Asks: 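Following this message is one structure expressed as structure tokens.
All values below were derived from every heavy atom in this structure, side-chain atoms included, with hydrogens, water molecules and symmetry-related copies excluded. Heads up: numbering here begins at 1 and tracks the sequence. This one's a predicted model, so the numbers in the text were calculated from it and none came from an experiment.
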Amino acid sequence: MNKKIGNIFKGDKVIWMVFFFLCMISIVEVFSASSNLTYKSHNYIGPIVYHAGTIIFGVVVAVITLNIPCRFFKLMTPFLLLISAVTLIWVLAFGQSINGANRVIPIFGITFQPSEIAKGTIVLATAQILSAMQRENGADKKAFKWILWITIPTCFLIGLENLSTAALLFAVVILMMFIGLVPMRQLGKLVGILGLFAFLAISMVMLVGHDTTGQEVTKTEQTEQPKKKSKLEKMLHRADTWKGRILKFGKEDVSPQDYDLDKDAQVAHANIAIVSSNIIGKGPGQSVERDFLSQAFSDFIYAIVIEELGILGAFAVAFLYIVLLYRAARIASHCENNFPAFLVMGLALLLVVQAAFNMMVAVGLAPVTGQPLPLISKGGTSTIINCAYVGAILSISRSAKMKKEPVDVKNIG
């Protein structure tokens with residue numbers, strides 16, 4: 001019996017344990033944080049049954065993925081690039097709007113988020129380019145150009161509706177190029193250009209966007225015909241949201257008695273959840289702020305984790321992601337070939353960088369973006385795809401050719 005279970009759960013056992021704990025925390029905390037969903041649906045058990053089913057399906061996907069030898073991942077790259085390009089264009093034109101942005105494609109009653117597949121595809125393509133163009137003294141200079149030719153158009157398509165996802169993906173690619181020994185001169189120029197571009201982009205958002213926070217809509221304004229927007233305003237239709245988030249994050253601290261709970265509800269209730277944890281936490285299922293905090297089961301679930309599990313629970317969740325990154329680095333260091341080493345690091349960074357940013361948002365160290373906490377937040381496509389990423393990491397730990405440990409001749413005999 002144990003042998004049969006071992007055949008199913010193959011690969012790095014520590015990563016399996018991290019995966020298991022994250023899934024268990026997800027089921028408990030999403031069940032607690034879904035009070036608004038249960039109230040709206042009048043179904044107490046429905047939302048968590050759906051989420052638990054998604055997690056179980058994700059585990060099945062992870063098991064299937066880990067049984068695919070990592071050498072076959074290379075063959076998938078051209079097809080995934082084509083699928084990513086088509087679906088990203090499709091979602092911009094005909095996608096379903098969520099929170100004011102076209103991010104999902106409805107297929108047979110199921111919503112599919114193309115950006116989730118596109119992220120893994122870019123990591124896969126980057127790993128393949130870095131491994132194919134690796135020289136004795138590092139990556140060939142041409143690798144930098146090839147990676148950007150693939151990454152920039154993809155990030156542009158994602159960024160039109162989900163800027164934070166595009167930015168995090170680009171950050172992961174830069175980290176992969178650093179690990180892949182791309183010449184520092186090229187990376188330095190890229191970082192400088194990105195800094196200039198970020199300045200220009202923020203300036204454009206501040207000029208085009210309108211600060212709608214706290215504004216009341218009068219009856220006259222409701223009946224007025226909407227003004228025609230320019231092509232630039234149509235392309236940057238998310239500018240109002242981006243500008244609002246920048247202004248909220250950049251403003252000076254406000255005293256508690258002067259804080260407006262209506263204007264800054266998410267940040268305010270996240271702060272209340274963290275402070276009211278009293279260090280030790282209220283206990284699983286005992287959150288109060290889940291009833292007031294928008295997206296408590298997704299973007300701000302880490303605040304609910306802190307409220308219920310306390311500081312130790314918060315550190316435990318962060319520690320699990322650190323262990324995941326550490327084990328991925330260990331696997332990469334033992335890989336004999338470059339491709340699986342770069343791929344395992346890229347996928348781990350994809351999960352951990354997003355997790356770090358989500359946690360920073362929850363505790364007020366970064367502006368609100370809408371990034372879920374990987375493998376913990378409630379989600380459909382994102383949960384399943386993240387499970388596939390874990391499966392790919394496990395596949396590499398199982399099937400990649402590893403370096404042979406040196407034999408100590410003195411100890412033989």
Side-chain angles (χ1 to χ4, degrees), residues 2 4-33 48 50-70 73 116-117 119-120 123-124 172 284 297-298 301-302 305 309 313-335 340-341 343-359 371-400:
N2 291 334
K4 289 182 179 179
I5 294 174
N7 289 333
I8 296 173
F9 300 103
K10 294 176 282 190
D12 189 276
K13 295 298 184 287
V14 176
I15 290 179
W16 266 117
M17 291 299 294
V18 170
F19 184 42
F20 172 78
F21 282 122
L22 288 174
C23 289
M24 290 301 101
I25 292 170
S26 176
I27 291 173
V28 172
E29 292 304 314
V30 168
F31 182 48
S32 175
I48 192 58
Y50 175 82
H51 180 65
T54 304
I55 291 284
I56 293 170
F57 183 71
V59 172
V60 173
V61 170
V63 172
I64 293 171
T65 307
L66 77 87
N67 282 283
I68 302 173
C70 64
F73 292 146
E116 293 299 324
I117 287 185
K119 290 192 299 183
V123 168
L124 180 61
V172 170
F297 51 82
S298 179
I301 196 167
Y302 193 62
V305 169
L309 305 182
F315 276 117
V317 170
F319 180 71
L320 288 173
Y321 289 106
I322 293 171
V323 172
L324 176 62
L325 185 61
Y326 171 75
R327 292 302 299 182
R330 288 270 297 176
I331 294 167
S333 66
H334 285 83
C335 288
L343 180 58
V344 73
M345 284 304 300
L347 293 174
L349 285 169
L350 199 59
L351 294 170
V352 175
V353 169
Q354 182 176 329
F357 200 80
N358 174 278
M359 291 185 280
Q371 289 296 318
L373 188 58
L375 301 171
I376 291 184
S377 292
K378 183 180 182 298
T381 308
S382 60
T383 298
I384 295 169
I385 297 300
N386 287 332
C387 289
Y389 294 160
V390 174
I393 293 172
L394 291 167
S395 170
I396 293 168
S397 72
R398 181 185 71 87
S399 62

Asks: Taking all non-hydrogen atoms of both residues, which atom of Trp16 and which atom of Lys10 are closest, and how far apart?
Replies: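 Shortest heavy-atom separation between Trp16 and Lys10 comes out as NE1-O, 2.7 Å.
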Asks: By the side-chain hydrogen bond (donor to acceptor under 3.5 Å, both in side chains) test, which pairs, at least two apart or in different chains, include something from residues 17-26?
Replies: Ser26-His51
Asks: Mind listing the closest non-hydrogen atom pair of Phe315 and Tyr302 along with its distance?
Replies: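 Residues Phe315 and Tyr302, closest heavy atoms: N-OH, 4.4 Å.
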Asks: With distance as the sole test, does Ser399 use its side chain to make a donor-acceptor pair with the main-chain N or O of Cys70 at under 3.5 Å?
Replies: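 Yes.
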Asks: Determine the minimum heavy-atom distance between Ser397 and Gly11, stating which atoms define it.
Replies: OG-CA, 3.4 Å
Asks: To the nearest 0.5 Å, how far apart are NZ in Lys13 and CG in Leu394?
Replies: 9.0 Å
Asks: Under a 4.5 Å cut-off applied to non-hydrogen side-chain atoms, are Thr65 and Phe73 in contact?
Replies: yes
Asks: Nearest 0.5 Å, what's the CG-SG distance between Leu22 and Cys387?
Replies: 10.0 Å
Asks: For residues Gln354 and Pro372, report the shortest heavy-atom separation together with the two atoms involved.
Replies: NE2-O, 3.0 Å
Asks: To check you understand the geometry: which heavy-atom pair defines the closest contact between Val28 and Pro284, and what is its length?
Replies: CG1-CB, 4.1 Å
Asks: What distance do Leu66 atom CG and Ile396 atom CD1 have between them, rounded to the nearest 0.5 Å?
Replies: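 Reported value, rounded in 0.5 Å steps: 11.5 Å.
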Asks: With side chains defined as the heavy atoms from C-beta onward, is the minimum distance between Glu116 and Asn386 less than 4.5 Å?
Replies: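 Sidechains of Asn386 and Glu116: in contact.
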Asks: With Phe31, which residues qualify under side-chain contact (heavy atoms from CB on, under 4.5 Å), at least two apart?
Replies: Tyr44, Ile45, Ile48
Asks: Taking atom CD1 of Ile117 and atom CD1 of Ile385, what is their separation to the nearest 0.5 Å?
Replies: 4.5 Å
Asks: For the atom pair CD1 (Ile301) and NZ (Lys378), what is the distance rounded to the nearest 0.5 Å?
Replies: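 The CD1 atom of Ile301 sits 10.5 Å away from the NZ atom of Lys378.
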Asks: Please enumerate all residues that pass side-chain contact (heavy atoms from CB on, under 4.5 Å) together with Ser32, with sequence neighbours excluded.
Replies: Ser287, Arg290, Glu308
Asks: Where do Phe57 and Thr383 land on the side chain to side chain contact (heavy atoms under 4.5 Å, CB included) test, with the steps shown first?
Replies: CA-CA 9 Å; Phe57 183 71; Thr383 298; over 6 Å; no
Asks: What donor-acceptor contacts under 3.5 angstrom involve side-chain atoms of residues 323-332, with partners at least two apart or in another chain?
Replies:
residue	atom	partner	partner atom	Å
Arg327	NE	Asp12	OD1	3.4
Arg327	NE	Asp12	OD2	3.4
Arg327	NH2	Asp12	OD2	2.7

Asks: So, do Leu309 and Glu29 sit near enough that their side-chain heavy atoms are less than 4.5 Å apart?
Replies: yes
Asks: Look up atom CE in Met345 and atom CG in Leu350, then write down how far apart they are to the nearest 0.5 Å.
Replies: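 Going from CE on Met345 over to CG on Leu350, the span is 12.0 Å.
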Asks: Can a donor-acceptor pair be found, under 3.5 Å and without considering hydrogens, that links the side chain of Ser395 to the backbone of Gly391?
Replies: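 Checking the backbone N and O of Gly391 against the side chain of Ser395, no donor-acceptor pair under 3.5 Å is found.
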Asks: Please identify each residue that fulfils ring pair (Phe, Tyr, Trp, His ring centres under 6.0 Å) with Tyr321, with sequence neighbours left out.
Replies: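 Partners of Tyr321 by the ring pair (Phe, Tyr, Trp, His ring centres under 6.0 Å) criterion come out as none, since no residue qualifies.
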Asks: Measure across Ile376 and Ile25 and return the closest heavy-atom pair with its distance rounded to 0.1 Å.
Replies: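 Reported closest heavy-atom pair: CD1-CG2, 4.1 Å.
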Asks: Tell me every residue that passes side-chain contact (heavy atoms from CB on, under 4.5 Å) with Ala52, counting only those two or more places apart in sequence or in another chain.
Replies: none
Asks: Is any side-chain heavy atom of Leu351 less than 4.5 Å from a side-chain heavy atom of Val390?
Replies: yes
